[in-house]
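This report concerns only the one structure given below.
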Amino acid sequence: MQSCQDHTTGDFCEICEDGYMPDVSNHGHHSCQPFNLNQTIIGNHLASSSPRCAPGFYGNPMVIGDSCKSCDCNGNSDPNHIFNECHNVTGFCQNCWGDTAGANCERCAPGFYGDAISAKNCRGACQEYCFNNCQGCHSCDCGPAGLRPTCHPLTHSCQCKPGAGGRYCERCLPDHWNYGPSGCQSCDECIWHLIGDLRPSNKTLDQIKVSVLNISTGAAANDRLKYYNYTAQRLKVHLGMGSLSIKGLQEKTEVLPLADRDLVLRAQDHAEDLQSQADELEYNLKRSDANGFVQKALDTANVYNNIVQYIEEANITGLTTMDLATRAEDVGSYLGSLTYTSLYSPPFQGCSPHFSSDISFCSEFHSDLPGRTTKRLELTKEVAEGTLNRSVEVLQTITPIHGKVEEWATNMKNQDYSAAAFDRAVVSAGEAVENLSELVPELLDKLRVVEEKNPVNNVTTNIMRIRELIAQARSVAKKVQVSMKFNGQSSVQVHPHTNLEDLKTVTTISLLIRVDPDKDPIEDRFIFYLGDRNGRKDYMGLAIKNDNLVYIYNLGEEDVEIPLGSKPVSQWPPVFNLIKVERLGRHGKVFLTVPSQASTDEQKFIQKGEAFGTDSLFDLDPEDTVFFVGGVPADVRLPPALSLAPFVGCIELASLNNDVISMYNFKQTHKMDVVASTPCPRYKLAFSQSRIASYLFDGTGYALINNMERRGKFGIVTRFDIAVRTVANNGILLLMVNGDNFFLLELKNGFLRLMYDFGFSGGPIVMESNSPKLQINDARYHEVSVIYHYSKKFILLVDKSHVKSMENEKKTLPFSDIYIGGAPSHILLSRGITLKGCVKGFQFQKKDFNLLEEPGTIGISSGCPEEYFMSRKAYFTGESYLGSAAKISPFDTFEGGLNFRTLQPTGLLFYHREGSDEFTITLENGAVVLNSRGTRVKSQKKQYNDGITHFLVASVNNDKYELVVDDKDKHEKKRPTTAPSASTVRNFYFGGSPSSSSIKNFTGCISYAYISRQDRDIEPEDFQKYTENVQTSLQDCPVKRPSAALFSKQSKNSAKPKKGLLGLNSDDQEPGETEETPCYLSPRPRATRHAHHYGGTANSRQEFTDIPGSLSERSHLSLSLKTQSSFGLIFYASDEAEDNFMALFLAHGKLVYTFNLGQQRVKIKSLEKYNDGAWHNVIFIRDGNLGRLVIDGLTVLEDRAQGSNVSWHVSSHLYLGGVPPGRAQKNIQRNSAYSFTGCVKNLQLNGQWLSSVSQTFGVTPCFEGLSEPGTYFSEEGGYVVLDDTFNLGLKFELVVEVRPRVASGVLLHVYTAAEEYLTIYIRQGAVVVLVNNGVREFFTQVTPRLGLCDGSWHRITVIRDANVVQLDVDSEVNHVVGPLNPSTQSARTPVFIGGAPESLLPEGITTRRAYTGCMRKLTVNESQVSFSKAALVSGAVSVGSCPAA
């Protein structure tokens, strides 16, 4: 209550005390005067010498017919001025509040908008249209370019200064730029004419591309002209279809508060826009097969423009959506309809005068970019400006199209056109649009901003879809297998290899060339050049000199020219001839294959050479490297050896280092006229057999057969046949999906695996085995057949032999389409990866399908190159090796080279032995060493175990031994004279050896190895053909360079070893953790950013404190979720007694959101299951008695409890992922009251990130990739306390397997209050057991020969019997006998695993950090320990699952 004056009382001092009556002065001052008997109140007025109306009433009782009436201020008057609510005569309200105005406070004040009467609360008419949580009037927020600060009272749109637009005058109108307080300036009119012209050109270019298709297949010029006539006639009809209007996506969301509704609707609109672009791109990719059509490359480039337009709008939308989420109380409400001129229409307005006479092309494009004010946009100024700059570049890039399209369109209008003009427009437009691909990588960076700042809708999913399709588009462009014809003036600049490091050791280029000696006399001509733009440094190229094909390369010293004199160019037939140039280190080769014109016979020619000196690496600078074919522009300088006249003839690129490439993946062309110089047709028989009969899947594409029953019907017996050749461990062969039903035949770890589910009551059925018959990744073709028999039994045949069968409930196959070799990511989900290998023939019901002719096929090509199955890389684990035999003489004449990459300082790279003589190449303490019969040549550098690829060459001749690493580290020694050895077949090994050696086997990767054999030329070793393969993987190399943090000095929490530790000689003492040896496996496995993994134990969780008090009034929570759990608790908050609570949990895979309101309960359950292993965005809101659940920005569910005045509050703790033991049991169903297993990211409360984690129990980063059974102790630190059934007393046996990721850490700790303890820890490759039995400390340790940090599992056994402790690590044993303590008694004490609280660890331990790595199979006295039943799991510990790599 206030302190009232002048004898007033009441909550607002509006009542007079007893004995007093109100008196209102002429100035509106309220006071109370002593009651005067001469003055009385009659009705609603004061009876006195001057009668007037009482406070709260108005009128003039002195006028006949007038009376005092109640003030009507619509409840918007200031309660502190109730005595002066309205004028006592006129009734005009005098103290409007809540930003209202008017005679009756009936409207919003100037500068504000809304409904001042009904929208103050959600009652009555406000049910139809309420403003921002029913709070009445709000500020207009007009931007700096607003004409005045006021806005329309209902639509809250502002009047803008010239050139400005938007609801808040926050941006420029189309045709305008340079936004500021004075408005915007008009753009040059011609730009908008260009935009208008480009819109119909998107459609007409589709017709143009068909003409290029005709050219690429060698159609006659007359046919092309006829087709152009047809295209011209169809053009007006095609364009006359008018604009395509897409009704804006708008659901009934009136019940949503503005911030939530605005957020969801904007996410819906822009998700639809982005998805339409993805669909358009996918349509263009699918319009023809992947084998040789220019159309795909051009269509793909055109769609880039549309994506670019939407990136800018999505960028601003994402940023402002974040702004809305964090400023929910400030945002107004409005949803406009969106009309698009066509799927292609960019967010511009403008008309083309060139088409206005024929069609009505102009239509209005309404957009509502959600920027608010300059102040808000300043938060994202840097990103927005960067995006707008990209858009300017887009306009500049497409400007060259304008002239050509305008000229062509005018000719079409006047029916004055020619094939030459038509096709010149194609080429010019193609070149300009192709340049847009230069901008795409930078624009993709902008997409990431949208993803990171807009986590609560499904725009991210569509952005990922577009990024995937762009990648597919580039893949398709690389595989356009069509030639280009060069006229002696033209040239093409091709995109070089994406990773030039891959070309350093070995470079291989294949291409097809056609010349016609009868028409074009053979002269010295340039063919291609790969190297520095200025003709300096390293390069390679191909030319015709003196009627010979000549391969030229330079590695830094002199040019190497290898002429192929055995087949002069003038003798080549006028068909495509296959040419391959190869460089391995210093050694080069050129191959020529000439086809016969009458059969499939071929002639093969080869010539070899080598570079002078010792340089072996092809060093290219990514900034200056160019790849030109056919010729070069005038501004490019070629080295003298290649400064020749441009090429005349046809060229088709085939591969670069076994990757399919195409000239249609060009950066630019120069004087390339596809009309005057039509591409040469491929001679049908030339190289046709292997190309047509098989299909190459390179891991990026797939085939899709729609409606497979068009060729055969499902029957009593349904059969699928496919022939596969691969060396991959994993990959999809066949996949059919229909809703939750699926069928999957895949390769898993090299073995066939079949999994399917047609709605069976028992869930999916899996057919797998490690039978040798099911292993098919041996680089040979295998015929795989799957037969579905009588709708209840699957039979699997391999190479026509029955291997396995499986019965199931009787159900028909519910599919119509089938994917081969892979599928789009939204279909794949977590079902597998795309295939790397070849497929030869696919049959359904014994009917063949040509996969390249299927419209759904993307990113595969014809042929099956033999090189694709040669294993040039090998990964060694430290226990593996590869062995073979050949005629070699390493002690006499020898050259060998190889790439290697490792993190281990020591390892055996190459091994050969004759009797007692050894020839080895090793890594010793980081240095490379060549050892031949005891003569050692050692590199100067000693840090080659840095995780980077290095190349070494070791050679032996009559004079010396020589070792060269990376072309720079060169050393040699004189060789003593010895008698030459006999030439016989000898064994040799890479990566290790079967015999014991002083150097342990190598851990890491070896690639592109070669050795000089006496029975063949130098060429890369094919490890696939080696006769001995012991635990060696021939797939990708997983070695990565370690983080620099691993090499840092000891941390501030580290402790040095205590001097005088009993049992350790002073000479053996080492400083504690001064330099950490890096482990093979990274201490930070690949994980999703800002995401955490929960589960493994019943109470895995994070606890949050410092929660704002507003949670008890209104809560708007959002998070992203990924899980495969059917049950489990995700989020929980309550008061101490749990009478008030709020929870989000899983039940049968569905999301359930619930909270109470007194004795009532709100419960919202999703209709769909969301435990599919994919990320889902979830928003759950409590607003008084109303609850709302929003999933993926589209699914909105809500429920409401009766009553609204019930008190509700929760305590200051929030739980994510689970709850402490015993909590939530009274409010959540039993099977969901425990931790769910899965990942959560982006948790926000009322728009603010929650980061105040006070405690963590069993929570780790959300790791990506494969996992395996075990318990993972993450780098953030944590430990497990075993339940009291396990006792490590005076006598026990403990066994555990570990795979560390950091070289030091505590594995186990047990202590008693009597200063007795036992600690097991690892330190720099050694396992140490430290014991104190009350008398003194004693310890034992084992340093295994292979170390502990090699990425392998290691078994540790500790046996204690009173004062005797034995330690066994991988069968290497040590023990110690300590002093006896007769008084020591066995007591039950806590057992800490993986670490312990700092205060409990002994001083004598040389590492105090927690263990980082995986642990499994822990047993105590032969009893298995289950960490899921542990007494406590504290910190970052994942129980039950470890990252596998």
Side-chain angles (χ1 to χ4, degrees), residues 584-587 608 610-614 616 874 876 881-900 906-925 927-940 944 950-965 969-1002 1006 1008-1023 1025-1028 1030:
L584 175 60
R586 300 183 302 113
H587 306 274
K608 61 182 179 179
E610 64 181 74
F612 301 101
T614 59
S616 300
F876 302 86
Y881 60 86
L882 288 168
S884 186
K887 287 186 177 182
I888 60 173
S889 300
F891 297 111
D892 300 323
T893 302
F894 177 81
E895 180 182 340
L898 56 86
N899 282 329
F900 69 93
T906 302
L908 186 57
L909 295 169
F910 180 82
Y911 182 82
H912 169 70
R913 182 171 183 169
E914 296 179 25
S916 60
D917 295 334
E918 287 186 339
F919 181 94
T920 63
I921 304 174
T922 59
L923 198 63
E924 299 179 20
N925 296 322
V928 180
V929 179
L930 166 64
N931 181 10
S932 178
R933 289 176 175 162
T935 301
R936 292 165 55 87
V937 182
K938 187 176 182 180
S939 67
Q940 181 177 357
Y944 286 116
H950 299 282
F951 182 67
L952 69 85
V953 177
S955 58
V956 180
N957 58 34
N958 293 332
D959 301 321
K960 62 183 179 182
Y961 301 103
E962 187 173 48
L963 178 65
V964 181
V965 185
D969 197 347
K970 305 175 183 179
H971 293 272
E972 61 183 52
K973 280 190 178 181
K974 187 176 180 180
R975 180 193 166 195
T977 303
T978 57
S981 305
S983 177
T984 59
V985 174
R986 297 180 173 90
N987 293 325
F988 59 90
Y989 302 90
F990 283 100
S993 75
S995 59
S996 60
S997 172
S998 58
I999 301 296
K1000 65 180 182 181
N1001 286 7
F1002 179 66
I1006 294 177
Y1008 291 108
Y1010 71 88
I1011 58 174
S1012 53
R1013 302 180 180 221
Q1014 296 176 359
D1015 52 357
R1016 75 175 191 198
D1017 294 334
I1018 284 181
E1019 60 184 52
E1021 293 292 308
D1022 181 7
F1023 294 138
K1025 296 180 179 179
Y1026 275 35
T1027 56
E1028 294 183 72
V1030 177

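Bear in mind that the values here come from a model prediction, so they are computed numbers and not experimental data. We number each residue from 1, following the sequence as shown.
Partners of Asp969 by side chain to side chain donor-acceptor pair (under 3.5 Å), not counting sequence neighbours, listed by chain and number: Tyr944, His971. Residues meeting the side chain to side chain donor-acceptor pair (under 3.5 Å) test with Thr614, sequence neighbours left out: Lys970. The side chain to side chain donor-acceptor pair (under 3.5 Å) search around Glu914 returns His912, Arg986, not counting sequence neighbours.
Here CZ of Phe900 is found 6.5 Å from CG of Leu909. Values are rounded to the nearest 0.5 Å. To the nearest 0.5 angstrom, Phe910 atom CZ is 4.5 Å from Phe894 atom CZ. Taking CZ of Arg936 as the reference point, atom OG1 of Thr920 lies at 8.0 Å (rounded to 0.5 Å). Going from atom OH of Tyr961 over to atom OG of Ser955 covers 11.5 Å, rounded to the nearest 0.5 Å. Atom CZ of Arg586 and atom CD1 of Ile1018 lie 7.5 Å apart (nearest 0.5 Å).
With salt bridges taken as basic N to acidic carboxylate O contacts below 4.0 Å, one links Arg1013 and Glu1021.
For Glu1028, the CD atom sits in a packed shell: over 12 heavy atoms of surrounding residues, nucleotides or ligands are nearer than 6.0 Å. The 12-atom threshold is exceeded at CG of Asn957, counting heavy atoms of other residues, nucleotides or ligands nearer than 6.0 Å.
In terms of heavy atoms, Leu908 sits closest to Ile999 at N-CG2, 3.8 Å. Closest non-hydrogen pair, Phe988 versus Tyr1026, comes out as CE1-OH, 3.4 Å. Considering every non-hydrogen atom in both Asn1001 and Gly991, the closest pair reads CB-O, 3.6 Å. In this structure, Gly897 and Phe951 approach most closely via the heavy-atom pair C-CE1, 4.1 Å. Contact record, Pro1020 with Arg1016: O-NH2, 4.5 Å, taken as the closest heavy-atom pair. Residues Ala954 and Leu963 come closest through the heavy atom pair CB-CD1, 4.3 Å.
Gln1014 places a side-chain heavy atom less than 4.5 Å from the side chain of Ser889. Side chains of Ile921 and Leu930 form a contact here, defined as non-hydrogen atoms less than 4.5 Å apart. Side-chain contact check for Leu952 versus Leu898: some heavy-atom pair is nearer than 4.5 Å. Looking only at side-chain heavy atoms (C-beta outward), Thr893 and Val956 stay at 4.5 Å or farther from each other.
Aromatic ring orientation, Phe891 versus Phe919: perpendicular (interplanar angle above 60°, classes split at 30° and 60°).
Checked options Glu972, Glu895, Lys973, Arg975; the residue passing with Glu962 is Glu972 (criterion: side-chain contact (heavy atoms from CB on, under 4.5 Å)). Screening Tyr989, Phe990, Phe876 against Phe1023 for a ring pair (Phe, Tyr, Trp, His ring centres under 6.0 Å) leaves a single residue, Phe990.
Checked against a 6.0 Å centroid threshold, the rings of Tyr881 and Tyr911 do not count as neighbours.
Side-chain contact annotation: Glu924 with Thr922, donor-acceptor N/O pair under 3.5 Å present.
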